Amino acid sequence: MVETGQWFFPARGGELYPDKPPVFMWTIALFYKLTGNLSLAFLLPSALCALLTIFLVYDLGKRLWSAQTGLIAAALLLLTLQFTLQSKTAQIDAMVCCWITLGCYGLMRHFCDGPNWRWYFIAWFFMGLGVITKGVGFLPLLMLIPFFAMRKWRPQPREITGKPNWWLGPLFFLLAIGLWVVPMLLLVEQANNPAFDAYRDNILLKQTAKRYADSWHHIKPFWYYLVEVIPVFWLPLSMMIPWLIKPWWQAIKQGDRRIAVPLIWVMLVILFFSLSPGKRGVYMLPAVPMLALICAPYLQQLLSRAWPKRILWSIVLLIAALLTLAVLGLLDLHLMAKLNDQYPVRPWWMLVTLGTIGLIISVATYRKPANSWLLFAPALWLIYSLWGYAVLQPVRTPVNVLQNLAKVHDVSRPVAMLDFREQFLLFSRWPTYHFGYHADHNLEYQQAWQWLQRYPDGVVLAPADLPLVCFDLSNATSLGNAHRRDYYALTINNALPSCAAPTDYREYYYLPTEQYGNF
């Protein structure tokens, strides 16, 4: 965007990117233009959105209960594994979580601390902004279900008046969406280009309702979130839930909207994503801020009981058991050797350090187990950030593969990539060609064969598990492993004498202008 001036239609390696609207990419590009540092530009949007989310939870807790409750709610949110992980990750989810939390904040200000029509309209606007960030920004609308149900069941002395104003909210919602959709539709119409038509149809139809109702990847069972995501990634909040069911239920019976509305909303969000066949753990992130909010008023009461504190302490002690696993790795025992074959990293010294810290904290907090997680969480994130990223780089980035490619292929000669991840473009030094990010794998090898006839001094970077029937792999150069896949460098010498022509040939070109990372 910065280098081409084309801000309205994101591109991935020269190909239009229709998977998500451009709001998140706009913020990265803006920070890159301001700072000139790509790493900083990647991370700032998530970090700033996370800080705003923490403030919103604090302010809502302060307004609905007390300043102390607000601080507890903000601290619980920051200490929750999934929230902090996404806050430190250059992905879109922390931003859409922020817009959804703003929507919830505005509605809660109106429902429980109102009436406040200004915040009601602001909530609708940020829901619309969430939609043009990642589709699901409308989720705060589910709060209307418990609110109107409770309004009928437990009317309050000071009910919200001014019924015609309710219908102005959707106008602000549509206004926010229209800031992107309307110009996009006009620009696509003026372009008179099939590629832009496909972009419009993909992002408005396939990536919204079709992606939810008929997902084509990440297929998981209905109970996936309840069994595999929430118990671990919502720690320590998930550990508190069994002891909070009774006080939450009492609050609902008493008509306390401060608890009932966000609690039922969290349950509806879990149900909403569970009904879709395509599931990813990160989809649960938007529910975490409101869960932290409704846990906060009961934390002191909860920590006055023995078992919640003991379980929290036991979790830290269990993580400290990583020390044993690390020692096995350092001793190169057979089990660890098998893990090394599958994941070519050696995190053992890091795990030794983390396990030792966890063990020390467990011993030090034995008499005050409530402090165990409070002390362990910062240590966990510091070690993961300063050490873990470096340890995981060989498997989470293509650095090793491209480093091996640089040994056999000059950076002035072109490279064609098959079935690649975006990181390969990010780290590439070469003039790079590809045939479409979502290209038919059955056609890619035919396209690659034709491409080598045009660029005989080029090389094709290909994963070993593709059906490369137009090539002889017997003397292909192995480049190692990235993202749990083996890669080869294929040259004109590996191409068979002939290959069937592909039914469709599309070629995209990408010329890297900045080196990201070193190898």
Side-chain angles (χ1 to χ4, degrees), residues 11-19 193-202 205-207 210 214-219 398 401-402 404-425 427-512:
R12 171 174 47 199
E15 177 187 19
L16 291 178
Y17 173 79
D19 293 6
N193 186 326
F196 284 83
D197 294 340
Y199 171 89
R200 174 199 60 205
D201 297 341
N202 193 316
L205 300 175
K206 183 179 179 181
Q207 298 296 334
K210 181 175 175 59
D214 189 21
S215 297
W216 51 92
H217 58 177
H218 304 299
I219 306 300
V401 168
L402 297 181
N404 292 332
L405 180 60
K407 295 176 182 177
V408 298
H409 190 67
D410 187 86
V411 295
S412 65
R413 289 151 51 186
V415 169
M417 295 184 179
L418 306 184
D419 194 23
F420 61 96
R421 291 197 176 194
E422 288 97 334
Q423 283 186 335
F424 281 84
L425 295 175
F427 283 85
S428 176
R429 292 179 176 182
W430 297 267
T432 304
Y433 293 80
H434 66 96
F435 310 105
Y437 189 75
H438 297 293
D440 185 344
H441 298 333
N442 294 321
L443 299 179
E444 276 197 293
Y445 62 85
Q446 298 172 313
Q447 296 170 316
W449 188 91
Q450 285 198 348
W451 180 85
L452 274 176
Q453 309 310 307
R454 292 171 48 211
Y455 299 98
D457 64 336
V459 66
V460 174
L461 179 64
D465 53 354
L466 278 189
L468 300 167
V469 296
C470 290
F471 295 87
D472 177 12
L473 301 182
S474 60
N475 62 341
T477 302
S478 175
L479 298 176
N481 184 283
H483 302 295
R484 289 183 286 181
R485 303 177 80 180
D486 295 321
Y487 284 86
Y488 287 112
L490 306 175
T491 67
I492 192 66
N493 296 326
N494 302 112
L496 297 178
S498 63
C499 179
T503 56
D504 182 30
Y505 187 91
R506 297 181 184 181
E507 180 180 289
Y508 301 94
Y509 177 68
Y510 172 71
L511 181 64

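What you see is a predicted model; the values in this text were computed from it and never measured.
- Panel note: side chain W451, backbone V415; no donor-acceptor pair is recorded below 3.5 Å.
- To the nearest 0.5 Å, atoms CE (M417) and CG (L425) are separated by 5.5 Å.
- Two residues are said to be in side-chain contact when any heavy atoms from C-beta on lie closer than 4.5 Å; L405 and W430 meet this criterion.
- Note on ring orientation: taking the six-membered ring where Trp is involved, the planes of Y508 and H434 are parallel (angle under 30°, cut-offs 30° and 60°).
- Of all heavy-atom pairs spanning N494 and A489, the tightest one is OD1-O, 3.9 Å.
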**Item:** Residues D19, R12; criterion side chain to side chain contact (heavy atoms under 4.5 Å, CB included); working and verdict
**Value:** CA-CA 10 Å; D19 293 6; R12 171 174 47 199; 3.8 Å; yes
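- Minimum interatomic distance between L452 and V459 (heavy atoms only, all atoms of both residues): CD2-N, 4.4 Å.
- Taking every heavy atom of both residues into account, A501 and Q446 meet most closely at O-NE2, 4.1 Å.
- Atoms CG and OH, from L511 and Y433 in turn, are 9.5 Å apart once rounded to the nearest 0.5 Å.
- To the nearest 0.5 Å, atom CD of residue Q450 and atom CG of residue L443 are 10.5 Å apart.
- Shown here are the side chain to side chain donor-acceptor pair (under 3.5 Å) partners of S474, two or more places apart in sequence or in another chain: D472.
- With rounding to the nearest 0.5 angstrom, the CG atom of L402 is 9.0 Å from the CZ atom of R429.
- Side-chain atoms of Q453 come within 3.5 Å of backbone atoms of W449 as a donor-acceptor pair (strictly under, hydrogens ignored).
- Rounding to the nearest 0.5 Å places CG of L490 at 14.0 Å from OH of Y445.
- Judged by distance alone, with hydrogens and angles left aside, the side-chain atoms of R413 form a donor-acceptor pair with the main-chain N or O of D457 at under 3.5 Å.
- The six-membered or imidazole ring of F420 lies near that of Y437, with a centre-to-centre distance under 6.0 Å.
- Closest of all the heavy-atom pairs between F424 and H483 is CE1-CD2, 4.1 Å.
- Nearest heavy-atom pair, Y488 versus S478, reported as atom, atom and distance to 0.1 Å: CD2-CA, 3.9 Å.
- Listed here is the closest heavy atom pair of P456 and I492: O-CG2, 3.6 Å.
- Judged by distance alone, the side chain of D201 and the main-chain N or O of A198 form no donor-acceptor pair under 3.5 Å.
- Pairs of residues two or more places apart, or lying in two chains, that qualify as salt bridge (charged side-chain N to carboxylate O under 4.0 Å, His left out) and include a residue from residues 437-455 are R454-E507.
- Note that CG of D419 is 12.5 Å distant from CZ of F435, once rounded to the nearest 0.5 Å.
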